[in-house]
Amino acid sequence: MTDLLTVTELTRSYGSFVALDRADLTVAEGARHALIGPNGAGKTTLLNLIAGTDLATSGRIAFAGRDITWQRPHRRSRGGIARTFQHPSVVPVATVLDNVLLGAWHHHTAAPWRRAGRRRIADDCRAILETVGLTGLEHRQAGELSHGRRRMLDLAVALAGRPRLLLLDEPAAGLTDADVTVLLAVLRDLSDDVAVLLVEHNLDVVAAFARTVTVLHHGRPLVTGTPAEIQADPAVREAYLGRRKVAETA
Amino acid sequence: MSLIRRTRRRAAASIVLAAALVATAACSKDSGSNNDTVKLGLLVPLSGVYKSIGEDMKRGFELYVEQHNNKFGGHKIEVVVADEGEAPGVSLSAATKLVKQDKVAAVVGVSSGAAVAAITPMLADNRVPLIGSGGRPNLQNIDRVWNTSWMSDETGAAIAKYVKDTVNGPVGIIGPDYQGGQDQIRGFTDTFVKAGGQVANSGGKPTFTPWPGTTNFLPYLSQIAQSGAKAVYTFYAGSAAVDFVKQYKQSDAKDIPLYAAGFLTEGATLAAEGDAARDIYSVLNYAPGLDNPANRNFVSAYNAKHKTQPNLYAMCSFDAGSVLDRAITAIDGKVTSEAINNAIRGLGQIDSPRGAWQFGANHSPVQKWYLRQVRPDGQVLSNVVVQELATLGS
Amino acid sequence: MTDEEHMAEVVPLARPRAERAAAADGGAPSAPMLDIRSLTAGYGGGAVLHGIDLTLPRGGVLAVVGPNGAGKTTLLHAVAGLVTPSGGSIRIAGTDVTGKPPHIVARVGTAIVPQGRRVFASLTVEQHLRLAERAGTKRRAWTPAARAAARARVAGPVWTRADVVRLLPRLGERHSHRGGELSGGEQQMLALARALLLSPALLLLDEPTEGLAPAIAHEIHGLLRTLAAQGLTVLIATPQAALVDGIADDAVYLTSGRAATATGPGTDAGFASALTGARDRADRHA
Amino acid sequence: MNTRLSAVIAMSSRYGTVARRAALAVVVVWLLVLPQLVDTYTLVLATQALVFGLLAVGVGVLTGHAGLATMGQVAPYAVGAYTTAWLTRHDITAGLLQLPAAALAGALFAAVTGIVVIRARGVVALMLTLAVGELTATAAVQWKEFTGGSDGVSTPPARIFPGGAELFDDQDIYLYVLVVALVVAGITALVLRSPAGLLLAGVRDNEDRMRAAGHPVDRYLLLTYTGAGAISGISGALLMTYARYVSPQDVGFDISALALLAVVIGGVRSTAGAFAGAGLIVFTRDKLGNWWPGHAPLFLGILFLIAVYLLPNGAAGVAQQLRSLADRMGLRVPGLVPRTPAAAGAGDGTVPASGAPVPEEADAR
Amino acid sequence: MDWLDAHLIPALDGVAYGMLLFVVAAGLTLAFGSGGVLNLAHGTVYAMGAYIAADIGDGSWGMLVLALAVGAAAGATSGGVLAVAVAPVARRGHLDQALLTFGIALVGGDMLVSYFGADQRQVAVPKALEDSVTIAGHQYPTYRLAFIGVAALLAGLGYWLLVRSTAGAAVRATTDDPEMVAALGLSPRVVHTATLVVAGALAGGAGVLGAPIITPSPETADTVMLWSLIIVVVGRLGSVLGALFAAIAVGEVQTLGVVLAPDLAPYLLFGAMGIALLVRSGSGILPEFAARARVLATRARALKGGGA
């Protein structure tokens with residue numbers, strides 16, 4: 001497998017606070033890659049830098065062989081990087097279908113400015129809505145949706161961008177068990193052309209989905225490996241499961 | 001929030017909107033005016049920066065009308081007051097109201113030159129004459145524009161020769177950067193230089209301060225003091241004049257004699273400046289202390305009514321009343337805008353508190369200018385006439 | 001544990017568990033410290049909590065356990081008055097505080113250590129402590145509601161600035177630093193100190209060790225154990241029961257804001273390692 | 001409702017639109033016959049209100065739809081007015097030539113200044129636009145050859161067509177201004193209802209999401225700012241048509257402030273509301289203000305207070321309130337009832353309650 | 001040396017003028033920056049204080065103190081009125097607040113002019129402060145010099161109150177996180193009202209002290225409002241030191257600036273403000289230009305590398 005995304009020595013500091021500290025990371029084509037680590041480890045910062053929502057202090061990001069470190073977010077999106085947000089991010093005044101339409105706007109072969117083109121895009125958007133289980137809510141306003149449904153809509157918008165790399169920021173946070181099952185099903189059904197980089201606290205989801213796990217700690221990747229390797233790694237247990245150690249020794 | 005309150009709020013909101021609509025609809029077509037009565041529109045600033053000047057103008061004009069029992073040449077006079085506001089656009093709207101709704105025969109007043117520029121095309125379209133008692137800009141068409149006041153460049157021109165002769169050395173010149181201010185300063189500078197005077201400012205050109213908005217003159221005054229000026233000539237009016245005069249007396253320039261267009265120390269401005277204005281020389285076409293019967297009568301009547309001395313703004317508006325009175329009296333037949341305009345054209349000398357004057361070719365007064373100095377006059381400071389300077393106008 | 005011995009030594013307020021009930025006096029003596037009945041609450045019209053019943057006796061330490069999004073924070077916010085319940089009732093020591101604004105609830109005797117600490121970024125540590133102490137001891141009641149709250153106040157152990165600095169010496173070291181300049185652990189200590197200075201009878205803790213380095217989490221953990229031992233009534237929200245091991249004597253599981261199942265003490269003993277458990281369940285999925 | 005694009009796609013029956021169109025038609029007819037109903041001065045005021053309303057439309061597009069509150073929309077307005085004055089004085093008096101020229105000048109001006117303005121948000125954007133407006137007015141004072149300086153510039157009357165009759169009569173001017181204003185406002189409303197409105201709503205409500213979905217947000221905003229500049233430029237051209245005079249003081253920041261307040265009064269996302277707000281302001285200042293000369297500011301102040309307390313959603317909200325009142329009283333007219341309560345709020349000029357983000361259970365940091 | 005001599009007075013005056021502007025803007029800094037209320041009636045409260053100074057002041061120290069007390073009290077009252085008026089629209093955002101406070105400003109301004117008259121007023125100053133003093137061979141108004149002292153005192157006091165005192169801590173905490181302040185048992189609304197009352201007192205007091213320099217007239221309110229807004233926004237909302245620096249910068253721009261660049265004088269104030277906003281705005285144009293410059297630099301480097 002070739003590398004789709006290569007992050008080299010990436011640093012992001014806010015004043016004296018270093019959120020990400022010379023981090024290296026590679027994501028392979030079609031990867032199912034999870035980023036875990038305690039809060040403040042720099043997971044979301046890394047995701048924001050890859051998506052272009054935030055700009056790095058130093059370092060380099062290469063995507064599909066091109067340097068995108070300073071590329072603007074909409075360019076990266078058109079290059080094939082889609083993302084969801086930690087807080088499900090939708091356009092509240094627009095309808096559910098319109099939200100997905102906005103996601104597909106620059107990624108669909110049909111012309112969105114023509115009525116016929118829009119109709120074709122809308123058909124595809126409906127299909128995406130069906131996969132995330134939002135069928136029947138197309139004409140509801142996104143702002144009216146429950147938290148869980150907004151999360152699924154956020155995912156649908158990202159999928160509508162036909163990404164080669166999908167960045168998911170805690171997609172399971174705040175979801176009910178039933179929602180998580182749907183989410184896992186959607187993620188499993190993703191084509192192998194799509195690489196997924198997942199930030200997640202819910203280890204059930206990570207264990208069920210990821211083939212590669214990177215543990216981030218204090219802004220640096222600690223170790224990368226399969227879920228089993230990660231679990232066995234003593235350094236990981238110290239850093240990430242340290243809280244449990246407290247409980248055991250108490 | 002309770003349901004009742006919400007409903008009441010909504011109801012109130014709808015009532016407001018409905019009322020607005022009804023009010024618009026209620027502005028139905030009006031009927032014609034009474035033939036015996038002549039309506040005159042008085043357009044002066046009653047809000048904003050120039051409100052103080054506007055009140056002086058209003059008092060002057062109304063004093064004339066009252067003194068003549070609301071009758072000019074046997075015709076009953078009805079004065080409709082409108083607010084000139086600050087922006088010329090607002091003045092235009094108010095003037096339009098006077099012409100189109102109140103159907104006035106003539107418009108009187110208007111303090112700002114820009115406002116005159118804004119309203120004269122509309123007045124010309126409707127053939128309504130303007131008897132201006134304030135600023136006067138450059139106009140292409142003055143067929144129906146008459147000014148009882150002054151041309152902006154005359155003020156400075158009247159004193160320039162005197163300053164040249166009196167002051168032994170270069171003179172610093174400073175004024176506000178708007179058209180009226182530039183005209184005032186240009187009037188002085190041109191005549192002064194022509195008479196062989198030397199401008200002290202660096203580059204030999206007068207200093208213009210940003211307008212509006214300049215309230216701090218110290219840096220400019222410091223510069224003028226540095227330039228080695230033996231005297232300063234300036235034009236400011238209103239609150240800028242107050243700031244200028246007070247700061248002048250506290251600056252490096254405080255010992256340099258100050259000459260000015262009379263607006264610097266006129267009316268309420270002088271009262272606000274207090275002692276700082278003492279000894280300032282100024283040039284104007286009027287001073288309340290002028291010794292002539294018309295002025296004695298004017299000053300005492302004004303003083304009795306308003307407990308203060310009249311100033312040039314009040315005097316010019318008083319004269320506007322005088323002009324209209326004479327014109328309407330001279331009309332033989334129906335008093336129309338056209339007739340008033342024609343009658344004004346035929347007026348000769350007008351007896352006035354400033355001394356007799358008459359309209360020149362550019363429809364503004366051919367009049368005397370006086371040198372005045374701020375000196376104590378009893379308890380208060382007043383502009384005391386020192387000498388006559390020149391008669392200007394064409 | 002030397003840590004704990006150290007705490008027990010320097011904190012004079014520590015008392016045996018048996019004295020808890022006696023320590024928490026005031027209010028209606030028979031009423032439980034916290035009594036929640038069929039509580040419904042949420043944000044922007046959407047409900048997060050659906051009919052929660054919960055009782056916390058005086059001196060009790062109750063853990064609210066549940067995954068992210070289960071409604072733990074909403075529950076704590078509802079008790080503190082930061083969220084207005086859409087249904088049900090909340091009583092603190094017999095006083096009905098349902099729908100009361102947060103400053104009134106605080107005056108009745110509650111303090112919250114919120115999720116994410118929420119220290120004031122522009123205030124120094126010293127100002128935090130001064131402000132909290134002033135708010136805790138020198139509060140004046142201007143309004144009838146405030147006077148009523150003062151009458152209903154349940155007294156907790158009284159804390160002074162000196163006490164909290166003795167308990168959390170690191171705050172003394174950093175007293176001139178702004179809240180925004182502190183590390184996560186220090187912020188957590190500051191948030192705890194800020195709450196304690198209100199001398200509350202009921203302390204609400206929302207994921208107090210979240211996102212902290214293990215050593216710091218350990219330290220916080222020790223502190224909480226000390227406080228619990230002193231007889232403070234505590235409601236503590238946590239994603240995993242293991243994290244409140246040795247602190248809570250009771251736990252409630254919250255999922256999707258719907259079912260709150262009370263469990264007996266000692267449930268944490270059977271709590272498996274987080275990752276192993278997750279893997280087991282994942283294996284069953286596959 | 002203008003963002004409900006999918007509804008357009010679905011081609012569902014739109015009773016609401018029918019009712020709206022009917023109401024709109026009534027208003028347009030009323031405006032067309034207004035010269036027969038009112039006296040000349042009121043007609044002049046109505047002309048003034050239409051021009052000011054069109055300026056407010058430009059402000060509304062930026063404030064309500066793009067989320068950029070602006071205090072500088074007088075700048076392209078001034079550019080449009082001075083361009084028109086320049087054309088008129090160079091014997092290009094035909095309105096049909098002046099309007100596109102003024103629109104182009106306003107748009108060009110906005111495109112240049114927009115590069116700076118569209119990066120800022122909130123109060124900073126407000127102050128930056130204020131700076132743009134004030135600097136433009138200052139330039140108008142200084143650049144005398146083009147602007148006539150502080151005394152302003154007067155022009156002869158315009159014509160509609162090259163070689164046509166001069167626009168002289170107040171009725172003719174009113175009708176000309178009315179038609180232009182309606183056309184421009186209509187085009188604006190259509191654009192905002194088109195997919196472009198949806199894109200703008202997305203930018204306004206969730207910039208990051210739009211960027212992440214591949215939308216060049218800055219370009220959208222610059223385009224909108226330019227479009228608003230064109231609208232304001234046209235408004236400036238119309239100012240020259242009826243006033244035939246402009247001075248730097250007529251394009252000062254108080255006009256900007258009034259235009260912004262007209263939009264707030266009318267409902268920030270309603271094109272018709274912008275006109276309603278502008279009309280209320282002109283009516284209050286120049287009609288009510290004449291009852292007590294010199295106290296127009298007092299009347300305006302009272303209007304603003306009334307508007308804040310009684311029209312929480314602007315004048316456009318009143319129509320909606322009437323609808324829901326009718327709803328509550330059982331007067332259910334199919335076409336008058338919005339399909340969902342929230343949908344009605346979103347499209348009709350409601351400002352969403354600010355500062356009330358929905359906190360998530362998941363950790364907020 | 002000559003140059004220095006020529007620019008000494010403008011430079012000093014810039015500081016003095018900046019201090020004056022700081023005092024004038026202090027009330028708005030507090031109301032807007034810490035109280036969250038975009039108070040467009042701020043200038044009107046200043047004008048009220050200035051008129052009170054003109055009315056009460058008679059050139060004696062006692063009357064000056066009395067005027068200060070009355071002005072501050074009147075300002076405080078208007079701050080309380082403002083707090084009550086704003087409460088119903090508190091959640092509706094800045095635009096509605098602007099509409100409301102602008103309405104109040106218009107009504108208040110009309111009432112002020114109706115009551116005090118439209119004439120410029122003379123403001124009597126105690127004899128000792130009336131004239132000018134000589135500094136390095138230049139004349140400088142004594143009152144302004146004294147004002148620098150008072151303003152420095154006020155800046156120090158304000159800094160202490162807002163940054164050091166517990167009450168100030170409560171105000172800043174309320175700006176940071178009103179919910180957590182409420183959780184401490186303090187009503188954010190009480191803090192908010194108190195903030196506006198103090199802000200009003202500051203504005204009224206500034207009017208009394210500033211009256212001899214910015215004379216009360218119908219335009220005073222607008223001028224003061226605009227300046228204050230510029231200073232508060234440029235100085236970052238609510239920061240006392242930021243407002244002080246912004247005020248001195250504006251002061252220097254209007255004194256030293258007009259001397260150094262007389263041709264640009266009319267553009268200086270707003271031009272400088274625009275540039276300041278661009279420079280300090282985090283989301284502004286500069287970070288993006290920096291990023292683009294970096295892209296270009298990277299490409300240039302790549303090209304060079306390819307060529308070598």
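This one's a predicted model, so the numbers in the text were calculated from it and none came from an experiment. Here is the naming used below: chain letters follow the sequence lines, and residue numbers restart at 1 for every chain. Atoms considered below: every heavy atom in the structure, side chains included; atoms not considered: hydrogens, waters and symmetry mates.
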Once you round to the nearest 0.5 Å, how far does [atom1] of [X] lie from [atom2] of [Y]?
X: E:Leu186; Y: C:His103; atom1: CG; atom2: NE2; result: 9.0 Å
X: C:Arg118; Y: E:Asp176; atom1: CZ; atom2: CG; result: 11.0 Å
X: C:Arg107; Y: E:Ser187; atom1: CZ; atom2: OG; result: 8.0 Å
X: C:Arg117; Y: E:Met180; atom1: CZ; atom2: CE; result: 13.0 Å
X: C:Arg134; Y: E:Leu184; atom1: CZ; atom2: CG; result: 13.0 Å

Tell me, out of [options], who's got the most heavy-atom pairs with chain E below 4.5 Å.
options: C:Ala149, C:Ala191, C:Ala106; answer: C:Ala106
options: C:Leu204, C:Ile104, C:Val119, C:Leu198; answer: C:Leu198
options: C:Ala195, C:Ala121, C:Gly179, C:Pro102; answer: C:Pro102
options: C:Ala111, C:Pro114, C:Ser122; answer: C:Ser122

Contact part of E:Val181 toward chain C, heavy-atom cut-off under 4.5 Å: side chain, backbone, both or neither? both
So for E:Thr175, is it side chain, backbone, both, or neither that comes closer than 4.5 Å to the heavy atoms of chain C? neither
Short side-chain to backbone donor-acceptor contact, E:Asp177 and C:Phe120, under 3.5 Å: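 Absent.
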Treating C:Gln127 as the side-chain partner and E:Gly168 as the backbone partner, does any N or O pair qualify as donor plus acceptor under 3.5 Å?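 No; judged by distance alone, with no hydrogens or angles, the pair does not exist.
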Closest-packed option against chain C by number of heavy-atom pairs under 4.5 Å, given E:Pro188, E:Ala183, E:Gly185: E:Gly185
Less than 4.5 Å to any heavy atom of chain E: does that hold for the side chain of C:Ala80, its backbone, both, or neither?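 No part of C:Ala80 comes within 4.5 Å of chain E.
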Contacting moiety of C:Leu82, where chain E heavy atoms sit under 4.5 Å: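 Interface part for C:Leu82: both.
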For C:Arg161, look at atom CZ and say whether over 12 heavy atoms of other residues, nucleotides or ligands are found less than 6.0 Å away.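 Atom CZ in C:Arg161 is crowded, with more than 12 foreign heavy atoms closer than 6.0 Å.
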Determine whether C:Ile112 and E:Glu179 make a side-chain contact, defined as any pair of heavy atoms from C-beta on separated by less than 4.5 Å. no
